[in-house]
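Notes follow the structure.
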Amino acid sequence: MSVLDTPVTAAVPTAPTAGLTPVFVRLKLALLRNGLRQSSGRRAAFVVSLVLTLLLAAGQVLGLVLLRGDEHAGTVVVLLTGVVALGWAVLPLFFPSGDDTLDPTRLVMLPLRPEPLVRALLVSSLVGIGPLFTLCLVAGSVLAVAHGAAGIVCAVLAVPLTLLLCVALSRTVATANVRLLNSRRGRDLAVLSGVAVAVGIQVVNLGAQRLGESGGLAALDPVADVVRWLPGPSAIGAVDSASSGSPGVAVLQLLITAGALAGLLWMWRRSLVRLMTAPDGSTLATAEPSREKPENGGRAGWAGLLPEGRTGTVMRRTLRYVVRDPKTKAAWATSLALGLIVPLVNAVQGTGSVYFGCFAAGMLGMLMYNQFGQDTSAFWMVALTISSPRDAYAELRARALALLLVTLPFTLLVCAVTAAVLGDWQSLPGALGLSFALLGAMVATGAVASARFPYSVPQEGAFKNAAPGQGGLAWISILGGMVVTAVLAAPVIALTVWAHLTDRHDALWLMVPVGLVYGAFVGWAGLKLAAPRTAERLPEILAAVSKG
């Protein structure tokens, strides 16, 4: 246990703290230097990252300097600083393994006092590409809005305050969540960062389009008026206020950032003390309360609603993968998010169509591909239960039913919401029928692709979806399956287009049963076709999904 808060006694010597900050800075530089010595690839990646960062920073600074004198320069720099501060707050949650120095538990056995430790960690955190890029952006921001002696004085104070606030915010968030980030749930959070990126791209796209429609940066002024009073952006806003002849407002805005920095340092210190002195679950013998086994063979809750026998067992296993396996969870979350966002964003903009709801069916239907890859090396236990095409058919059918259990109501919801936003209820039956046909076709092609082109899904790495050397299999499986899906769904697509071209919109209601029946038939045929291939190729499938 650390002596972080233990009084200094003769029995517990305390390390000298006068030179602690230089020691930590040298330690950070040594870690960086030794990491680069490990391989030429690391050195090349670091050099390329540094060059690209400097080029991007130079371009940003140049663009900000060119804004000098523009009436909306203050709006741009305040919002830019807000985005940078937000990035510093959330990046430790999405990429907890990006910097080993973010884990203060490595120092738990050292006799360090909290105040010098916080100071040393804060200064050493300023060493790196991220702080350098942030410093360039903040410096360029104050250059864009600083005018007169008062503005220059505020700028001299605002730059270090903003930089220290960003670093302290990142450190406080990382320290408060370090045990979470080192756990399975933390790895889940890192994997799900792809969802946040996808959602963020759609939000930025919508905002950029709205900005272009509104006629320029003036549309952002109301948002900037609020953001400039938040810690971090308020320091940059203080420079703008001082340059505009409002020294009282500038002082208040600087105090907001300074007070937030002091509060973050205090919270960081408390988190360090608690983290380095309090035991966690790994050091305590926790007694689990006795749990009574549910009736009906352990099928409690939603599991009791599933069918009996192998079908229900496989469906429960598949759905539990969605909840517990990080990669499966990430794939589902990304498909659900994009399946809703893309149709809804286009509908809100007034440029979409109810048929954009088919995008939800397509995103979720892709989850049928590489069904055995999500099992990884554990697939051998499933393979032991497959001794005939009949067993393989039962396995594939149950996995498809688990997928449809979520996909069908979600597709219905997305199409209905899109129709409501657009006010085009007349096209809803056609979109639903087409979505059902697409789902059936993707179940069929996904089942066949799972048997013919299986590949392993590595558990490490948030963005690794195929083991080394199997990327080609993944592309063949997905792209080839999409082409065949379009061919299989062509009859329903042709009927829908015919109904619109001939203005027989009343006939679109027939597309719902047609799409359901056709999709069910195509899906059944695909499962029947994939079953004997799965049973025959069990050894090859097991070898492929266990690779890496």
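Numbers for residues simply follow the sequence, beginning at 1. Heavy-atom basis, side chains included; hydrogens, waters and symmetry copies ignored.
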Quiz prompt | Criterion side chain to side chain donor-acceptor pair (under 3.5 Å) on S450 and R399, from CA distance to verdict | solution = CA-CA 12 Å; S450 297; R399 292 178 183 239; over 6 Å; no

Practice problem: Check the pair R533 / E540 against salt bridge (Lys or Arg N to Asp or Glu O under 4.0 Å), numbers first and verdict last. | Solution: CA-CA 11 Å; R533 297 179 181 273; E540 292 86 350; over 6 Å; no

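No side-chain donor-acceptor contact under 3.5 Å links T75 and R228. One side chain, Y369 or T445, offers a donor N or O that lies under 3.5 Å from an acceptor on the other.
Considering CG of L428 and OH of Y355, their distance stands at 9.0 Å, rounded to 0.5 Å. Distance CZ/R316 to OH/Y321: 13.5 Å, rounded to 0.5 Å.
For the pair P233 and V227, the tightest heavy-atom approach, listed with the atom from each and the gap, is CB-O, 3.5 Å.
M511 is listed as a side-chain neighbour of V492, based on a closest heavy-atom distance under 4.5 Å. Residues S353 and S427 fail the side-chain proximity criterion, which asks for heavy atoms closer than 4.5 Å. For the pair L340 and F410, the minimum side-chain heavy-atom distance is below 4.5 Å. A heavy-atom distance below 4.5 Å is found between the side chains of L64 and L80.
E395 has a carboxylate O that lies under 4.0 Å from a charged side-chain N of R317, or vice versa, which qualifies the two as a salt bridge.
Residue W229 places its CH2 atom among more than 12 non-hydrogen atoms of other residues, nucleotides or ligands, all under 6.0 Å distant. The number of heavy atoms from other shown groups lying within 6.0 Å of CZ (R310) is above 12.
Between L439 and the choices L408, L403, T485, the side chain to side chain contact (heavy atoms under 4.5 Å, CB included) rule is met once, by L408.
For the pair S335 (side chain) and W332 (backbone), a donor-acceptor distance under 3.5 Å is absent.
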